[in-house]
Undergrad: 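I have a structure I would like to understand better, so I am pasting it below and will then ask my questions one at a time.
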Amino acid sequence: MLQIYNTLTRQKEIFKPIHPGKISMYVCGITVYDYCHIGHARTSIAFDVIARFLRSQGWDLNFVHNITDIDDKIIRRANELGEKFDALTKRFIDAMHEDERALGILPPSIEPRATEFIGPIIEIVETLIQKGHAYAAKNGDVYYRVTSFDGYGNLSNKNIDELLAGARIEVDEIKEDARDFVLWKAAKPGEPSWPSPWGEGRPGWHIECSAMAKKCCGDQLDIHGGGADLQFPHHENEIAQSEAANGHSYVNYWMHVAPLRVDGEKMSKSLGNFFTIRDVLEKYHPEVVRFFLITSHYRSPINYSEDSLVEARAGLERFYAALREYVAVPAAELSAISGSQYYAAFVDAMNDDFNTRVALATMYDLVRELNSCEAGSEKATQLASELKALGSILGIFRFDPTEFLQSGAGDQISADEVNALVAERIQAKKDKNYARADEIRKQLTANKIVIEDAKDGTTQWRRE
RNA sequence: GGCGCGAUAGCAAAGCGGUUAUGCUCUGGAUUGCAAAUCCAGCUAGUCCGGUUCGACUCCGGAUCGCGCCUCCA
């Protein structure tokens, strides 16, 4: 039985779909004005794992992951670089897709872009004005009248009265109320714009998600997710827009992924302490990065550091070392392992608010039994195929084990050189020339190569 | 100031009102020409102070410390 922690009620709830067997899940993607950082990767991987798991359990999932491709920051960045805004966003969307592929993130069912939904955005704004929830200001902007919506603040647990006169709210004579937020922004000369009943302009930040969610999922969603920092104001404002316009509730389960930290502080663009995904992939194997990001629960903060990546690699090596003997074994069909204690424990863990850490623990239990079995035995083969099946639900084990184990950032010595030395050492061992064999191993160790001799006289190696 | 989250062993990180989490590291053993890998065994836990309970790492209250949000953020 699937349980999900709902930000709205601040507790775990038994999941009940709107339509039996179906799930609509809308996840806020990024605003594309720069390369993605690994905080983005954390959120994307969390929902990629969730989507893979839900599908594996037979849910008919409509997974929508949007792109916000028009926004003040995009315009500013394009101006700085002397580039057209849509050329800029295309560049970073392409880069994002590249990063996602590298990390094994599957494409969502739909990847809508804000600029493709200008019509629906205008429709919602018009409805909000008709219903008295929004007003056109004299400068051509349209604002949401926050005090007109009763539930405002419920998601982020804020008292609407206490939002007044906050330090970061700008005094603005255009708005009726300082708390009102913009739905439609009048264009300044030279800015990208679309025609609207209020003149040339562009959507405000939050309205695009209300529009895309409605068009891609319908008026009501099962799950809406995103980074924890989107809870307020972004998701709060989405609720206000969608519920006021549609006249009924918007989302049943709100899910928020905790921030990724660097040195104990949140990594974010505003703090400038961020690493892009490409920075990180230059130093670490993509699957190590992915594995690191699923070793803690999605609602727990996770600290990014050299040490944690090194540790993640060591943990992942244990799996790959076990799978090395079973390259030819295909991943089991889930129906074939339905009776397995490991699969049952894995599913229990994932059904409990997607507890990847506990799911991994069951996989380690499985590996221990696999390693205890006689290599190549029927039981071992079966366990290996089961392990691969569980791994694919988490999106890991995408690489050839030997290739993974022999990969490394600082390749001081080529694979060919290693293979030559290994061959020489095997001969030396046959000749009982252990002095030479040990000398070769010492040389390899100095190059961060670890030698593993098998019983049958063969030798495998991996990079440290 | 308001709202919320957290504190677990050398490190990382989970569940659980009583019974081995798990991974990495470390120690001993098996195995190995010696190693590595693997297996077996073991070592270090629950910030502090109260309360509830037969029993608390787990529930409640308080303190301390850390973190997030409070109109750029995933």
Side-chain angles (χ1 to χ4, degrees), chain A residues 7 10 27-31 33 36-44 46-47 71-73 76 146 153 156-159 161-163 166-170 178-182 205-206 225-234 236-237 256-261 264-271 274 292 295-297 299-303 305 307-308 310-319 321-322 324 345 348-349 352 355-365 367-373 375 405 429 432 434-435 437-438 441-442 445 449-455 459-462:
Chain A
T7 308
R10 281 168 277 278
V27 175
C28 287
I30 64 162
T31 301
Y33 66 99
C36 294
H37 58 62
I38 80 157
H40 295 121
R42 184 186 193 189
T43 302
S44 297
F47 284 105
D71 156 88
D72 288 356
K73 290 188 293 295
R76 194 189 321 134
V146 166
S156 52
N157 202 21
K158 298 201 184 307
N159 184 328
D161 297 325
E162 286 164 359
L163 287 172
R168 291 170 67 185
I169 296 179
E170 289 168 39
R179 294 165 296 193
D180 292 349
F181 59 90
V182 69
W205 175 30
H206 319 289
D229 45 5
L230 295 183
Q231 212 172 306
F232 187 89
H234 185 58
E236 197 71 72
N237 290 354
H256 291 97
V257 179
L260 185 123
R261 295 178 181 170
E265 276 196 315
K266 183 179 139 181
M267 155 151 57
S268 71
K269 288 185 180 172
S270 60
L271 291 172
F274 69 94
F292 162 65
T295 52
S296 71
H297 185 79
R299 279 188 291 114
S300 298
I302 185 170
N303 205 51
S305 71
D307 286 352
S308 50
V310 168
E311 195 183 301
R313 172 162 178 120
L316 190 52
E317 276 180 352
R318 183 168 161 79
F319 287 124
R324 199 158 38 176
D348 280 351
D352 183 11
N355 195 329
T356 49
R357 183 67 185 205
V358 173
L360 285 170
T362 71
M363 291 169 67
Y364 281 115
D365 289 339
V367 162
R368 194 179 315 113
E369 188 182 347
L370 170 57
N371 286 332
S372 304
C373 290
L405 291 164
K429 276 176 63 185
K432 301 242 189 289
Y434 295 121
D438 290 350
R441 184 168 61 203
K442 209 171 160 187
T445 305
I449 303 296
V450 180
I451 289 295
E452 295 170 20
D453 292 339
K455 277 187 206 139
T459 293
Q460 293 186 302
W461 62 271
R462 60 188 166 86

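Scope of the values below: all heavy atoms of this structure, side chains included, with no hydrogens, waters or symmetry mates. Per chain, numbering begins at 1; letters A, B, ... match sequence-line order.
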Undergrad: If you look at every heavy atom in A:E452 and A:R324, which pair is closest and at what distance?
TA: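 Smallest interatomic distance, heavy atoms only, reads OE1-NH2, 2.6 Å.
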Undergrad: Round to the nearest Å and state the distance from A:R299 atom CZ to B:C5 atom P.
TA: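 A:R299 atom CZ is separated from B:C5 atom P by 11 Å.
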Undergrad: Expressed in whole Å, how much space separates the C1' atoms belonging to B:C11 and B:A45?
TA: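 These two C1' atoms come out 13 Å apart once rounded.
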Undergrad: Contact class for A:Y434 (heavy atom, under 4.0 Å): base, sugar-phosphate, or nothing?
TA: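 Base, at least one base heavy atom under 4.0 Å.
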Undergrad: Measuring only the C1' atom in each nucleotide, how far is B:C72 from B:G62? A whole number of Å is fine.
TA: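 The answer is 38 Å between these two C1' atoms.
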Undergrad: Which nucleotide, B:A14, B:C67, B:A74, lies nearest any side-chain atom of A:S296?
TA: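 Nucleotide nearest to A:S296's side chain: B:A14.
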Undergrad: Expressed as a whole number of Å, how far does the P atom of B:U58 sit from that of B:G46?
TA: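 Roughly 11 Å separates the two P atoms.
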Undergrad: For a quick test of reading the model: is some side-chain N or O of A:S300 closer than 4.0 Å to OP1 or OP2 of B:A14?
TA: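 Checking B:A14 against A:S300, a side-chain N or O does come within under 4.0 Å of OP1 or OP2.
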Undergrad: I'd like to know if A:E317 and A:R462 make a salt bridge, using a cut-off of under 4.0 Å between side-chain N and carboxylate O.
TA: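 Counted as a salt bridge, because a side-chain N and a carboxylate O are separated by less than 4.0 Å.
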Undergrad: Heavy atoms only, 4.0 Å cut-off, all strands: where does A:V257 land among base, sugar-phosphate and nothing?
TA: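 If one applies the 4.0 Å heavy-atom cut-off, A:V257 turns out to touch nothing in the nucleic acid.
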Undergrad: So what does A:I451 hit on the nucleic acid, given a heavy-atom distance under 4.0 Å: a base, only sugar-phosphate, or nothing?
TA: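 Contact class for A:I451: base.
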Undergrad: Determine the interatomic distance between P on B:C26 and the same-named atom on B:A35; round to the nearest Å.
TA: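 It works out to 15 Å between them.
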Undergrad: Assign A:G39 to base, sugar-phosphate, or nothing according to its heavy-atom contacts below 4.0 angstrom with the strands shown.
TA: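 Counting heavy atoms under 4.0 Å across all strands, the contact made by A:G39 includes a base.
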Undergrad: Taking the nucleotide of RNA chain B with the closest heavy atom to each, which residue, A:S372 or A:D180, is nearer the 5' end?
TA: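 Closer to the 5' end of RNA chain B: A:S372.
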Undergrad: Starting at atom OH of A:Y364, determine the distance to atom P of B:C39, rounded to an integer number of angstrom.
TA: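 The distance from OH of A:Y364 to P of B:C39 comes to 12 Å, rounded to the nearest Å.
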Undergrad: Scan A:L260 against the nucleic acid and name what it touches under 4.0 Å (heavy atoms): base, sugar-phosphate only, or nothing.
TA: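 Base contact.
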Undergrad: To the nearest Å, give me how far apart NE2 (A:H37) and C1' (B:C72) are.
TA: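 Result: 12 Å.
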Undergrad: Please give, in whole Å, the distance from B:G2 P to A:F232 CZ?
TA: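 In whole Å, B:G2 P and A:F232 CZ are 17 Å from each other.
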Undergrad: Taking only the side-chain heavy atoms of A:E311 (C-beta and beyond), determine which of B:C69, B:C24, B:G33 contains the nearest atom.
TA: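 For A:E311, the side-chain atoms sit closest to B:C24.
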Undergrad: For B:A13, what is the paired nucleotide under Watson-Crick or G-U wobble rules, both distances under 3.5 Å?
TA: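 Pairing partner, where one exists within any strand: none, as none qualifies.
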Undergrad: Applying side-chain contact (heavy atoms from CB on, under 4.5 Å), can you list everything that pairs with A:V358, at least two apart in sequence or on another chain?
TA: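 In terms of side-chain contact (heavy atoms from CB on, under 4.5 Å), with neighbours along the sequence ignored, A:V358 is linked to A:A349, A:N355.
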Undergrad: I'd like to know if A:D352 reaches the base of B:G15 with its side chain such that a donor and an acceptor end up less than 3.5 angstrom apart.
TA: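 Checked by distance alone, the answer is no.
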Undergrad: Answer yes or no: does a side-chain N or O of A:N159 lie under 4.0 Å from OP1 or OP2 of B:G2?
TA: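 Looking at the OP1 and OP2 atoms of B:G2, neither is under 4.0 Å from any side-chain N or O of A:N159.
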Undergrad: Return the nearest nucleotide to the side chain of A:E452; candidates are B:A36, B:G33, B:G68.
TA: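 Selected nucleotide: B:A36.
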Undergrad: Does a side-chain N or O from A:R76 land closer than 4.0 Å to OP1 or OP2 of B:C72, or not?
TA: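 Answer no for this pair, as no side-chain N or O of A:R76 is under 4.0 Å from OP1 or OP2.
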Undergrad: On a whole-Å scale, what distance lies between the C1' atoms belonging to B:C24 and B:A63?
TA: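 Result for the C1' pair: 34 Å, nearest Å.
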Undergrad: Classify the ring geometry of A:F181 against A:H206: parallel below 30°, tilted from 30° to 60°, perpendicular beyond 60°.
TA: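 Taking A:H206 first and then A:F181, their aromatic rings stand perpendicular (interplane angle over 60°).
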Undergrad: For A:N355, report the nucleic acid contact type (base, sugar-phosphate, nothing); a contact means any heavy atom under 4.0 Å.
TA: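 The answer is sugar-phosphate, as A:N355 gets under 4.0 Å only of primed atoms, P, OP1 or OP2.
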Undergrad: So which heavy atom on A:S296 is nearest to which on A:R42, and how close?
TA: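 Heavy atoms only, the tightest pair is OG-NH2, 3.4 Å.
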Undergrad: Say we look at B:G15 and B:A9: how far apart would their P atoms be, to the nearest angstrom?
TA: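 It works out to 16 Å between them.
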Undergrad: Please tell me if the side chains of A:D453 and A:K429 come closer than 4.5 Å, counting only heavy atoms from C-beta onward.
TA: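 The answer is yes; the side chains approach within 4.5 Å.
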Undergrad: When you get a sec, tell me which of B:A21, B:U71, B:G33 is the closest nucleotide to the side chain of A:V358?
TA: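 The answer is B:A21.
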Undergrad: Which nucleotide wins on minimum distance to the side chain of A:R368, given the candidates B:U71, B:C40, B:A36?
TA: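 In terms of side-chain proximity for A:R368, the closest of B:U71, B:C40, B:A36 is B:C40.
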Undergrad: Of the candidate nucleotides B:A74, B:U71, B:A36, which contains the atom at the shortest distance from the side chain of A:R462?
TA: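 Nucleotide nearest to A:R462's side chain: B:A36.
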Undergrad: Rounding to an integer number of angstrom, what distance separates B:G61 and B:G68 when you compare their P atoms?
TA: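 The same atom, P, in both gives a distance of 25 Å.
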Undergrad: Indicate whether OP1 or OP2 belonging to B:C69 is found under 4.0 Å from a side-chain N or O atom of A:K266.
TA: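 Result: yes.
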Undergrad: Do A:R313 and A:L316 come close enough that some side-chain heavy atom pair is under 4.5 Å?
TA: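 No. Closest side-chain heavy atoms not under 4.5 Å.
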Undergrad: Consider the side chain of A:D438, meaning its heavy atoms from C-beta on, and name the nucleotide among B:U22, B:A74, B:C34 that approaches it most closely.
TA: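 Closest nucleotide to the A:D438 side chain: B:C34.
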Undergrad: In this structure, how many angstroms lie between the C1' atom of B:A37 and the CZ atom of A:R324, rounded?
TA: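 To the nearest whole Å, that distance equals 7 Å.
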Undergrad: Taking donor-acceptor contacts at under 3.5 Å, does the side chain of A:R357 reach the base of B:A13?
TA: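 Check fails, no donor-acceptor contact within cut-off.
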Undergrad: Considering only B:G33, B:A74, B:C70, which nucleotide approaches the side chain of A:K158 most closely?
TA: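 In terms of side-chain proximity for A:K158, the closest of B:G33, B:A74, B:C70 is B:C70.
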Undergrad: Between A:Y434 and A:K432, is any pair of side-chain heavy atoms under 4.5 Å apart?
TA: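 In contact.
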Undergrad: Taking a pair as Watson-Crick or G-U wobble with both distances under 3.5 Å, which nucleotide is matched to B:A36?
TA: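 Pairing partner, where one exists within any strand: none, as none qualifies.
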Undergrad: Can you measure A:D365 atom CG to B:A21 atom C1' for me and round it to whole angstrom units?
TA: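 After rounding, the gap between these two atoms is 8 Å.
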Undergrad: How is A:K73 classified with respect to the nucleic acid when contacts are heavy atoms under 4.0 Å: base, sugar-phosphate, or nothing?
TA: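 It contacts sugar-phosphate atoms only.
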Undergrad: What interatomic distance, in whole Å, is found between C1' of B:U8 and the corresponding atom of B:A12?
TA: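 Straight-line distance between the two C1' atoms is 11 Å.
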Undergrad: Look at all strands and tell whether A:M267 reaches a base, only sugar-phosphate, or nothing, counting heavy atoms closer than 4.0 Å.
TA: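 Result for A:M267 = base.
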Undergrad: Would you indicate which nucleotide in B:U38, B:G33, B:A21 comes nearest to any side-chain atom of A:R318?
TA: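 Within the option list, the nearest is B:U38.
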Undergrad: Indicate, yes or no, whether a donor-acceptor pair under 3.5 Å links the base of B:G68 to the side chain of A:Q231.
TA: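 Absent.
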Undergrad: Under 4.0 angstrom, heavy atoms only, what part of the nucleic acid is A:K429 near: base, sugar-phosphate, or nothing?
TA: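 Since a base atom lies under 4.0 Å of A:K429, the category is base.
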Undergrad: Less than 4.5 Å apart, any side-chain heavy atom of A:L370 and any of A:M363?
TA: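 Side-chain contact under 4.5 Å: no.
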Undergrad: Whole angstroms only, please: what is the CG-P distance between A:L230 and B:A74?
TA: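 Taking atom P of B:A74 as the reference, CG of A:L230 is at 6 Å.
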